[in-house]
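See below for the structure under consideration.
Any value given below was found using the heavy atoms of this structure, including those in side chains, with hydrogens, waters and symmetry copies removed. This structure is a prediction, so every number in the text was calculated from the model and none was measured. Residues take their numbers from the sequence shown, with the count starting at 1.
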Amino acid sequence: MDTQDTRRSAEHFLALIKASHRGKFKVYIGMSAGVGKTYRMLQEAHQLLDAGVDVQIGYIETHGRPETEALTEGLPFIPRRKLFYKGKELEEMDMQAIINLHPDIVVVDELAHTNIKGSANPKRWQDVMQILDAGISVISAVNIQHIEGVNEQVQEITGIEVHERVPDSVLATADEVVNIDLTADELIERLKAGKIYKPDKVPTALSNFFRQENILQLRELALKEVALRVEKKVENEVTEKPALLHDKLLAVIDSSEKRARRLIRKTARLATHLNSSFIVLYVQSDRETADRIPLANQRYLINNLNLATELGGQIRQVHSNRPVETIVEICREQKINIVCVGRPEFSLFSLLKNVVGMRRLIGRLSRMNIDLYILS
């Protein structure tokens, strides 16, 4: 993007800000570290500053890259908050100072960052939500591997489970989502030239995360994610169209860890594609009452229900020994038209039990004209 394009981008974002009391939210998405997200944010900050806008740097991470560090010159920084953690002095973004100073726009890097214990919020994206609610606009950035809904796809591509993640519902609130794109060859050249990591780390990076096949797949994920966000924004903002009857989804989970988590993520992604809402239902039988459920399963359940909320879903917990009837009742009550369940377990006993229950469920749902999706 040249200087003229950057100026137009900055002017467009400024126009959005003036249209609302809540802060406007702009997110740059990239396929990996080193594509230039931080560099682009700093470029935009300079353009806004030149236009007389009160823009401040809330948090930026240059990773020692000379080109990026050079762009910090002349920009106003809000001092970071110093904390002691495990005997070390560490620095964090000072959310309260940002809210108190109340600039028009604040630049906040590394949206998926986990805050130091003792901070007001566990995650930086939660800080950003509070800053937006205070009427301050935010420009931020995140890599595709840190987006919750594609976490398992990223793990399949790279073999790495990323633990710092941003819920899809956060991206859904963004007023602008911009892709920072490079070809795989360009990114690898930047890596080899020492523009991403120090020279001693380059060989390891090339043989692991930065393999060309990984980059190509991550690039595709990033492009699809931004296209999806733009498509949803157009659907939601174009008012001159006939009223549409949106689908409503129900995900039925158990107290397992990974199977339930995968079902929630896939249902949330499907809901995004369909521009619809979703509910996550847990039917608690007598075998899993509070005094009987294993502690591990109780923990999995709490975490997965929290995940459902973060991804923008509603949650329902119903105590019942008649799961099919409960699902049907919720469908009728909530006007559900798509039910999502996980793939049945394949031990002989569980398979026989699931087949009987599944046949009853399919029969009841088909009579109500409700589709059943079995998600792997």
Pair Glu110, Lys37 - check salt bridge (charged side-chain N to carboxylate O under 4.0 Å, His left out), show working. CA-CA 10 Å; Glu110 300 197 344; Lys37 301 179 301 301; over 6 Å; no

So which heavy atom on Phe210 is nearest to which on Leu187, and how close? CE2-CD2, 3.8 Å

Worked verdict on Asp185 versus Gln212 for side chain to side chain donor-acceptor pair (under 3.5 Å): CA-CA 8 Å; Asp185 289 339; Gln212 188 164 45; 2.7 Å; yes

Side-chain heavy atoms under 4.5 angstrom apart, residues restricted to Ile, Leu, Val, Met, Phe, Trp, Tyr: same cluster for Ile302 and Tyr282? no

Sort out for me which residue in Val178, Ile147, Asn143, Leu223 forms a side chain to side chain contact (heavy atoms under 4.5 Å, CB included) with Ile29. Ile147

Taking the inter-plane angle between the rings of Tyr59 and His113 on a 0 to 90° scale, is it parallel (under 30°), tilted (30 to 60°) or perpendicular (over 60°)? parallel

Determine yes or no for a side-chain-to-main-chain donor-acceptor pair under 3.5 angstrom, with Arg124 supplying the side chain and Asn115 the backbone. no

Residue of the set Ile336, Thr267, Ile279 for which side chain to side chain contact (heavy atoms under 4.5 Å, CB included) holds with Leu249: Thr267

Distance-only, no hydrogens or angles: does the Arg292 side chain make a donor-acceptor pair with backbone N or O of Glu288 under 3.5 Å? no

Distance only, no hydrogens: is a donor on one side chain within 3.5 Å (strictly under) of an acceptor on the other, for Tyr85 and Glu92? no

Donor + acceptor pair across side chains of Asn297, Ser255 (<3.5 Å): yes

Carefully, step by step, assess Glu213 and Arg211 under the rule salt bridge (charged side-chain N to carboxylate O under 4.0 Å, His left out). CA-CA 6 Å; Glu213 60 268 28; Arg211 291 202 303 270; 3.1 Å; yes

Without hydrogens or angle criteria, can the side chains of Lys26 and Ser140 be said to hold a donor-acceptor pair below 3.5 Å? no

Pick one: which of Leu250, Leu270, Leu311 meets side chain to side chain contact (heavy atoms under 4.5 Å, CB included) with Phe278? Leu311

How many angstroms lie between atom CG of Asp104 and atom CG of Leu48, to the nearest 0.5 angstrom? 9.5 Å

With rounding to the nearest 0.5 Å, note down the distance linking CZ in Arg229 to CD in Glu176. 15.0 Å

Apply the test salt bridge (charged side-chain N to carboxylate O under 4.0 Å, His left out) to residues Arg360 and Glu325: give CA-CA distance (whole Å), side-chain angles for both, the deciding distance (0.1 Å), then the verdict. CA-CA 9 Å; Arg360 288 179 57 230; Glu325 287 72 18; 2.3 Å; yes

Should we count NZ of Lys195 as having more than 12 external heavy atoms under 6.0 Å? no

Nearest 0.5 angstrom please: Tyr39 OH to Thr68 OG1, how far? 7.5 Å

Evaluation steps, salt bridge (charged side-chain N to carboxylate O under 4.0 Å, His left out), between Lys224 and Glu220: CA-CA 6 Å; Lys224 284 181 176 178; Glu220 183 182 12; 3.3 Å; yes

Starting at CD1 of Ile99, measure out to CG of Asp94 and round the result to the nearest 0.5 Å. 9.5 Å

